[in-house]
Amino acid sequence: MPASTLKGNQAYDRLRREIVSCRIVPGTRFTEAEIMDRFEFGKASCRIALQRLAQDGFVVSMPRHGYRVAPVTVRDVDEIFALRVVLEPYAARLAAGRVNRAQLERLERACRAKMPSEIGNQIDFFLEANRSFHMSIAMASGNQRLCRTLSGLLDEMTRLVALGFGVQGVRPNIDNDHSLMIEHLVVGDADQAERVARRHVETFRAMTMEKVVQSLRDSAELLPLDGCLAGDLQ
């Protein structure tokens, strides 16, 4: 791989993490020069990264005015969870009797772990563990297209959770749903695994919607974590 392409991919990965975690908040406007200065990217790498982010829908190009991070809306929450509530129970049904119990239990413990650090880092840790938990179930289903679709949905959901819970300064509460899913999945009870998975997604949707709506109401007070980028939320 040419060095320029490698650096462009690295720049893309870095910026994507910043956007998905809402360290650069939805609606933020910025120029290519500001991004180059903030992250010490070369011009070619920065352009590759921004072009890919625009293709993915994470940023919007504004001719002669730079870029804007795609905003988060209530409709985003509705659409993402509408797909999750269909696909994840189906993945759980397919994965029943095929999961790795030790792996799921390790990821479940990681979802609940509380680190002695600021709430943003705690939420980042939770989101990574939670994503891995749900993707492990999807992979156990054996359906590769289902895995790819859920992977994209969970990435989009990460931004919703980071905006809703991170901005409000609280960790998501998942009760015992993960533990119940593990028990049903391990013994091969597809009906119960599907039922718990659906309830889990529906419950988490309600919590996420509440937090996202509150954060959007507070959006006039939101600023990017790094002061060099100017926030402009609507």
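What you see is a predicted model, and the numbers here were worked out from it, not measured in a lab. All residue numbers refer to positions in the sequence shown, counting from 1.
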Arg75 and Thr73: side-chain donor and acceptor closer than 3.5 Å? no

Could you check Arg131, Arg23, Arg17 and say which one makes a salt bridge (Lys or Arg N to Asp or Glu O under 4.0 Å) with Asp124? Arg23

Start with the C-alpha distance between Arg195 and Asp189, add both sets of side-chain angles, then the distance that settles side chain to side chain contact (heavy atoms under 4.5 Å, CB included), and finish with yes or no. CA-CA 10 Å; Arg195 180 185 64 81; Asp189 191 336; over 6 Å; no

Is a donor on one side and an acceptor on the other found under 3.5 Å between the side chain of Thr149 and the backbone of Arg145? yes

Just say parallel, tilted or perpendicular for the rings of Phe204 and Phe126, cut-offs at 30° and 60°. tilted

Is there a side-chain contact between Phe81 and Glu202, using heavy atoms and a 4.5 Å cut-off? no

Ser215 side chain to Lys211 backbone, donor-acceptor under 3.5 Å: yes

NZ/NE/NH1/NH2 to OD/OE distance under 4.0 Å, Arg205 and Asp78: yes

State which residue, out of Asp76, Leu216, Val25, fulfils the side chain to side chain contact (heavy atoms under 4.5 Å, CB included) condition with Leu163. Leu216

Phe133 meets the ring-ring contact (aromatic ring centres under 6.0 Å, His included) criterion, sequence neighbours left out, with His178

Got a salt bridge between Asp177 and Arg198, using NZ or NE/NH1/NH2 to carboxylate O under 4.0 Å? no

I'd like a table of donor-acceptor pairs (distance under 3.5 Å, sequence neighbours excluded) in which one partner is a side-chain atom from residues 56-66, with atom names and distances.
{"unit_1": "Asp56", "atom_1": "OD2", "unit_2": "Tyr12", "atom_2": "OH", "d": "2.4"}

Between Arg101 and Glu108, is the closest basic N to carboxylate O distance under 4.0 Å? no

Any side-chain heavy-atom pair of Asn130 and Met157 under 4.5 Å: yes

Check for a donor-acceptor pair, side chain of Ser141 on one end and backbone N or O of Ile137 on the other, with a separation under 3.5 Å. no

Distance-only check: which donor-acceptor pairs under 3.5 Å involve side-chain atoms of residues 41-52, not counting sequence neighbours?
{"unit_1": "Lys43", "atom_1": "NZ", "unit_2": "Glu32", "atom_2": "OE2", "d": "3.2"}
{"unit_1": "Arg47", "atom_1": "NE", "unit_2": "Glu32", "atom_2": "OE1", "d": "3.2"}
{"unit_1": "Arg47", "atom_1": "NE", "unit_2": "Glu32", "atom_2": "OE2", "d": "3.2"}
{"unit_1": "Arg52", "atom_1": "NH1", "unit_2": "Asn9", "atom_2": "OD1", "d": "2.9"}

As an exercise, state the distance from CG of Leu107 to NE2 of His134, rounded to the nearest 0.5 Å. 10.5 Å

